[in-house]
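What you are looking at is a predicted structure, and each value in this text was computed from that prediction instead of being measured. Order of listing sets the numbers, starting from 1, for every ligand and every atom in it.
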Amino acid sequence: MSTQRARVSLVTRTIAVVLLLNVDCTAEKEEDFEIKLCATHCGLRELSPGMFDNTPLLKVLNMSSNELSFIPDLSLKQLKILDLSNNLYTSYRIPSSFGYLTHLGTLSLGSIAAASVDYDDFEPLTNVSLHHLILGAGTQWRKYESGSLAKIKLLQKISLHASFCENFTMFENFLIDLNKTQAKSLRFISLFPDNCSVSGDPFKHLRTMPFIKNLTVENTWINSSFMEVFLKNVWLSPLYDISFVNITYNEDTPDGFQFHTINHTINLNSITFNGVNHYQYRYPTINMSFKAFSKLTDLKFSGTGMNILPCGVISTLPSLKTLDLSDNLLSESGFWWAHCPYSSAFPKLQHLYLSKNRFSSLSLISLKMKEIRTLVSLDLSFNSLVLDGDCSWSHQLIELSLGSNNLGNDVFKYLSSAFERINLSKTGITAVTQEDLSRFPRLTYLKLSSNSIQVLPEDLNMPSLINLFVDQNAITSISREALAGLPGLKTLNAGRNPFFCSCESYWLVTEFNKSLLMDWPLDYACSSPPSLAGRSLSEYKTSRLSCEAWLQAALALPVVIVVAAVVSLVFYKCDGIWYSKMLWVWIRMKRRGKQRCNKLNNLTFGYHAFISYSHQDSGWVDSQLVPSLEGSGFSLCVHERDFVPGEWIIDNIINCVESSYKTLFILSKHFVQSEWCNYELFFAQHRAISVQQDSLVFILLEPIPTDSLPKKFLKLRSLLRQQTYLEWPRDERKQQFFWANLKSMLHVADKSVVMKEVAEAISDTVHLLTDQV
Ligand SMILES: *[C@@H]1O[C@H](CO)[C@@H](O)[C@H](O)[C@H]1NC(C)=O
Ligand SMILES: *[C@@H]1O[C@H](CO)[C@@H](O)[C@H](O)[C@H]1NC(C)=O
Ligand SMILES: *[C@@H]1O[C@H](CO)[C@@H](O)[C@H](O)[C@H]1NC(C)=O
Ligand SMILES: *[C@@H]1O[C@H](CO)[C@@H](O)[C@H](O)[C@H]1NC(C)=O
Ligand SMILES: *[C@@H]1O[C@H](CO)[C@@H](O)[C@H](O)[C@H]1NC(C)=O
Ligand SMILES: *[C@@H]1O[C@H](CO)[C@@H](O)[C@H](O)[C@H]1NC(C)=O
Ligand SMILES: *[C@@H]1O[C@H](CO)[C@@H](O)[C@H](O)[C@H]1NC(C)=O
Ligand SMILES: *[C@@H]1O[C@H](CO)[C@@H](O)[C@H](O)[C@H]1NC(C)=O
Ligand SMILES: *[C@@H]1O[C@H](CO)[C@@H](O)[C@H](O)[C@H]1NC(C)=O
Ligand SMILES: *[C@@H]1O[C@H](CO)[C@@H](O)[C@H](O)[C@H]1NC(C)=O
Ligand SMILES: *[C@@H]1O[C@H](CO)[C@@H](O)[C@H](O)[C@H]1NC(C)=O
Ligand SMILES: *[C@@H]1O[C@H](CO)[C@@H](O)[C@H](O)[C@H]1NC(C)=O
């Protein structure tokens with residue numbers, strides 16, 4: 001009992017592991033695990049009865065390629081698809097529980113150990129509406145009990161993967177049983193073993209099986225002798241569709257395939273040869289009349305090595321709508337074989353597939369295709385086409401595929417303006433222009449995948465375009481402007497391009513409607529910047545702010561205003577205006593000082609400065625200015641103190657000014673009112689001095705707005721406007737700065753000293769300033 005339990009848990013664990021490992025058939029979404037379980041190739045020998053108790057909703061169960069020794073009991077009522085093929089059970093006996101799998105549509109059974117089918121094997125499936133039964137493991141059966149398959153009355157389609165040889169009684173019984181089901185479609189895989197010489201007529205019942213419409217023979221060796229017998233049954237049967245897939249054809253009759261005794265119309269709508277290996281390594285001899293195929297609409301000869309189209313095909317198939325000759329060895333001369341006379345080429349042909357052949361001349365093809373008046377679509381992909389001259393296409397041809405031909409950027413000039421669907425993937429295009437694309441006003445589908453296009457033109461105007469493919473190119477971003485000209489676009493594939501994960505891609509990532517992007521997000525990755533290379537574009541996060549200039553401006557403006565306001569407030573609070581004025585004074589002074597430095601070096605002055613002030617301001621001059629300057633070693637000529645008594649005040653002024661390096665005016669309302677008149681006179685007399693205005697220094701003891709000065713003091717007004725002046729600060733800390741500035745003005749001759757002093761003063765002040773903030 002305990003070993004049994006251990007085994008079950010082991011099995012369960014194995015399945016869990018397989019769920020994670022088997023990429024081929026695991027569910028794509030996590031929630032799908034509920035309904036799809038894939039446990040292949042894991043050596044399961046048996047399943048415990050309660051194994052699927054927890055997953056009653058399972059819809060798909062694939063346990064192929066295991067070692068199950070009997071078909072397990074399953075009671076998964078929701079099951080739709082069950083694959084138990086390639087296991088090791090010895091019989092096809094279906095457990096009775098399958099009778100309750102009312103939703104079962106597809107059942108796949110196969111075991112190399114099961115070589116017989118017994119009468120009761122499929123009994124439980126009697127009332128199950130099985131759509132498709134896949135039966136067998138490719139081995140020869142020893143026994144088939146007549147009537148067993150007939151039990152599955154609702155069967156629609158069967159794929160038999162078993163072989164028969166010599167005694168075909170079993171196979172014939174199998175067909176008779178199928179006739180009792182609702183099977184419409186038969187598929188026989190590896191029907192005859194390679195070493196089997198088929199004699200007799202195993203398919204003779206086909207003629208009287210009215211329900212069978214489709215028949216496929218796959219992976220089988222077929223002799224021309226058998227083919228003749230087989231096809232005779234097919235011609236006489238009600239079959240619509242016959243397909244030969246991956247057959248090896250052996251011409252064992254001396255004249256090849258001869259078939260010319262058809263007396264009635266053949267029902268076939270569709271004939272397919274998809275993959276024919278020629279045992280003789282040459283194209284077979286086929287002698288048959290195509291006249292009887294009046295109902296044939298679809299004909300496919302693909303992968304058959306055909307290099308010359310049989311003569312009758314081109315003109316004698318009155319209903320043919322679709323002809324697929326892909327993957328052959330046809331060229332222009334083989335397709336329009338010179339020895340085949342024809343009056344009308346393919347009277348009803350609409351779709352012609354010529355991909356993977358050896359066509360080369362696009363101009364010749366365009367010309368010849370005009371003969372097929374009904375042709376709507378043409379596939380010329382995977383050929384060796386060159387643009388060898390002007391092309392002229394018929395007007396009803398609206399779909400053309402030129403994929404995988406090396407054509408280049410000029411290809412657009414060789415196409416028709418009537419085209420509605422164009423496939424130009426992998427055609428060596430490096431650039432497209434609006435002019436190229438404006439040739440096609442009706443274009444709805446354009447495929448430009450796998451080229452080297454770097455940008456989509458921004459001036460596109462293709463209102464009819466619905467599907468656009470530009471995947472696998474060299475596009476780094478897709479702009480709003482480029483897609484603005486495509487208002488009808490419903491799908492866009494643009495994956496596997498080297499996207500720049502920067503603002504260029506911002507619009508695509510955030511704003512573009514992703515339901516239009518068919519390959520989003522899996523195929524979109526960043527290629528640049530290097531730090532993001534390889535990351536998914538959908539994970540590229542950037543802010544709207546960092547990418548939109550107007551938004552930046554809009555958001556930045558209030559910030560700038562606030563910052564400016566705060567700075568101004570701080571500036572104002574800390575007397576920033578005053579400091580900047582002082583700095584400005586200093587800068588100007590330095591500049592001027594430089595110019596005059598040399599000149600002044602040679603001159604000698606009696607005083608560093610003449611100080612002119614109103615006697616009402618003498619308190620400040622005596623207590624602050626004079627001590628401060630004279631304490632620093634400046635010699636001053638002070639009005640009143642140093643004036644020569646008895647001389648006219650103007651002469652005194654002139655003497656003092658002339659023997660001083662600078663003249664300091666201590667300006668206040670008193671000075672302006674009481675003293676300025678003297679200076680007006682002074683300036684009137686000494687125009688020369690007024691030219692050298694920068695020897696004048698104004699110190700404002702109190703604010704005197706220029707405009708408040710009486711009009712008569714024109715000179716003062718203009719001097720104050722042009723001249724820098726120093727304001728006397730009430731704040732003690734600022735006074736330090738004031739003195740430094742003032743002293744440096746008197747010091748100009750010795751630049752380095754000045755610089756040092758001012759620098760010190762500024763650093764002191766700044767230090768104080770920051771302390772305060
Ligand atoms: C079951 O899985 C195998 C691969 O292991 C796959 O080939 C097969 O098609 C699957 N069967 C069904 C019904 O999907
Ligand atoms: C199938 O249904 C019929 C009646 O509808 C019933 O008689 C028969 O027993 C059923 N067979 C199985 C195997 O369930
Ligand atoms: C063919 O096989 C069936 C049984 O499947 C048998 O009855 C019959 O005699 C065999 N015929 C020949 C010619 O061996
Ligand atoms: C198939 O069934 C039809 C009637 O449904 C019958 O006329 C015909 O003879 C049967 N064919 C075979 C091969 O049993
Ligand atoms: C064909 O070859 C298989 C082995 O490959 C053999 O079992 C079988 O008997 C052979 N059949 C004939 C008719 O020779
Ligand atoms: C085809 O014919 C050859 C003889 O030409 C024969 O040996 C071979 O067994 C036949 N194969 C089939 C599948 O009929
Ligand atoms: C039978 O053939 C027709 C025509 O080729 C096709 O449309 C149809 O899907 C086929 N049916 C089945 C069940 O394969
Ligand atoms: C084609 O058929 C042969 C046997 O006739 C088989 O060995 C081969 O695997 C088949 N190829 C494909 C692609 O199915
Ligand atoms: C093709 O068949 C016709 C009879 O329909 C016959 O006259 C002609 O000789 C055959 N051609 C070849 C090359 O076998
Ligand atoms: C062709 O049909 C006619 C009668 O319509 C008949 O006499 C003749 O034998 C048939 N030929 C063949 C080869 O079936
Ligand atoms: C377009 O052409 C390519 C070959 O370059 C081909 O793989 C693809 O299937 C074609 N697409 C369509 C829709 O025809
Ligand atoms: C995105 O496109 C789909 C399909 O074209 C449409 O249904 C949906 O409304 C669109 N979404 C937006 C946000 O435009």
Side-chain angles (χ1 to χ4, degrees), residues 71 73-75 77 79 92-104 107 117-130 133 144-158 160 164 168-186 188 200-215 229-230 232-240 267 444-445 463-469 478 480 483-484 486-494 507-521 524 538 544:
I71 296 175
D73 236 338
L74 293 170
S75 50
K77 294 228 167 56
L79 209 58
Y92 287 115
R93 176 169 290 275
I94 304 282
S96 58
S97 63
F98 276 48
Y100 303 105
L101 305 183
T102 46
H103 291 92
L104 194 63
L107 174 61
V117 175
D118 294 327
Y119 182 74
D120 287 333
D121 280 357
F122 301 116
E123 175 79 31
L125 297 175
T126 306
N127 296 337
V128 174
S129 63
L130 198 62
L133 176 66
Y144 173 82
E145 272 186 7
S146 216
S148 56
L149 211 67
K151 295 243 171 72
I152 317 176
K153 290 197 192 71
L154 301 173
L155 189 66
Q156 302 277 310
K157 177 177 178 180
I158 185 156
L160 185 66
F164 302 88
F168 286 98
T169 317
M170 266 192 292
F171 180 70
E172 285 163 12
N173 289 340
F174 180 84
L175 286 183
I176 290 168
D177 282 355
L178 277 181
N179 189 38
K180 292 170 187 157
T181 69
Q182 296 184 2
K184 294 183 184 64
S185 178
L186 308 183
F188 297 111
D201 189 1
F203 281 97
K204 63 174 179 281
H205 289 306
L206 216 53
R207 304 184 190 196
T208 55
M209 293 175 74
F211 311 117
I212 307 294
K213 299 295 176 200
N214 295 21
L215 176 61
V229 178
F230 173 64
K232 194 170 246 170
N233 296 316
V234 172
W235 300 159
L236 296 170
S237 76
L239 272 180
Y240 277 138
N267 284 314
T444 60
Y445 176 103
S464 55
L465 196 67
I466 295 169
N467 313 103
L468 176 62
F469 297 78
I478 292 175
R480 188 198 303 264
L483 295 188
L486 313 174
L489 203 64
K490 291 219 170 68
T491 72
L492 172 64
N493 287 50
W507 175 75
L508 186 74
V509 175
T510 57
E511 285 184 44
F512 187 65
N513 189 346
K514 297 304 177 304
S515 58
L516 269 64
L517 281 184
M518 294 297 104
D519 43 0
W520 180 269
Y524 292 76
S538 62
R544 190 181 162 98

- May I ask you to list the atoms of ligand 12 that are less than 4.0 angstrom from any heavy atom of Leu516? 2 (O), 5 (O)
- Ignoring hydrogens, tell whether any protein atom lies closer than 4.0 Å to atom 4 (C) of ligand 4; use the non-hydrogen atoms only. no
- Message: Closer than 4.0 Å and a protein heavy atom, does any atom meet both conditions relative to atom 11 (N) of ligand 2?
- Response: yes
- Check each of Leu468, Leu465, Asn467, Asp519 against Leu492 using the side-chain contact (heavy atoms from CB on, under 4.5 Å) test, and report the only one that passes. Leu468
- Task: Could you list the atoms of ligand 4 found under 4.0 angstrom from a heavy atom of His205?
- Result: 13 (C)
- If the plane angle is over 60° it's perpendicular, under 30° parallel, otherwise tilted; pick one for Phe168 and Phe171. perpendicular
- Task: Show your reasoning for whether side-chain hydrogen bond (donor to acceptor under 3.5 Å, both in side chains) applies to Ser148 and Asp121.
- Result: CA-CA 7 Å; Ser148 56; Asp121 280 357; over 6 Å; no
- Numbering the atoms of ligand 12 from 1, which are under 4.0 Å from a heavy atom of Ser515? 1 (C), 2 (O), 3 (C), 4 (C)
- In the protein, which heavy atom is nearest to atom 2 (O) of ligand 4, and how far is it? Asn179 ND2, 2.4 Å
- Nearest neighbour in protein (non-hydrogen) for atom 14 (O) of ligand 2: Asn127 ND2, 3.5 Å
- Task: Provide the closest heavy-atom pair for Asn513 versus Ser515 in the form atom of the first, atom of the second, distance.
- Result: OD1-OG, 2.7 Å
- Item | Nearest protein heavy atom under 4.0 Å from atom 7 (O) of ligand 4, yes or no | no
- min-distance protein heavy atom vs atom 13 (C) of ligand 2 -> Glu123 O, 3.7 Å
- Message: Asp120: which residues meet the salt bridge (Lys or Arg N to Asp or Glu O under 4.0 Å) condition with it, sequence neighbours left out?
- Response: Lys151
- Would a 4.5 Å heavy-atom cut-off, applied to side chains only, mark Leu107 and Ile94 as touching? yes
- Message: So for ligand 4, is Thr208 a polar contact partner (N or O within less than 3.5 Å, distance only)?
- Response: yes
- Item | Phe164 and Tyr144 aromatic centres sub-6.0 Å | no
- Item | Numbering as shown, the atoms of ligand 12 that approach Asn513 to under 4.0 Å (heavy-atom distance) | 1 (C), 2 (O), 3 (C), 8 (C), 10 (C), 11 (N), 12 (C), 14 (O)
- Any chance OH of Tyr100 has more than 12 other-residue heavy atoms, nucleotides or ligands included, within less than 6.0 Å? no
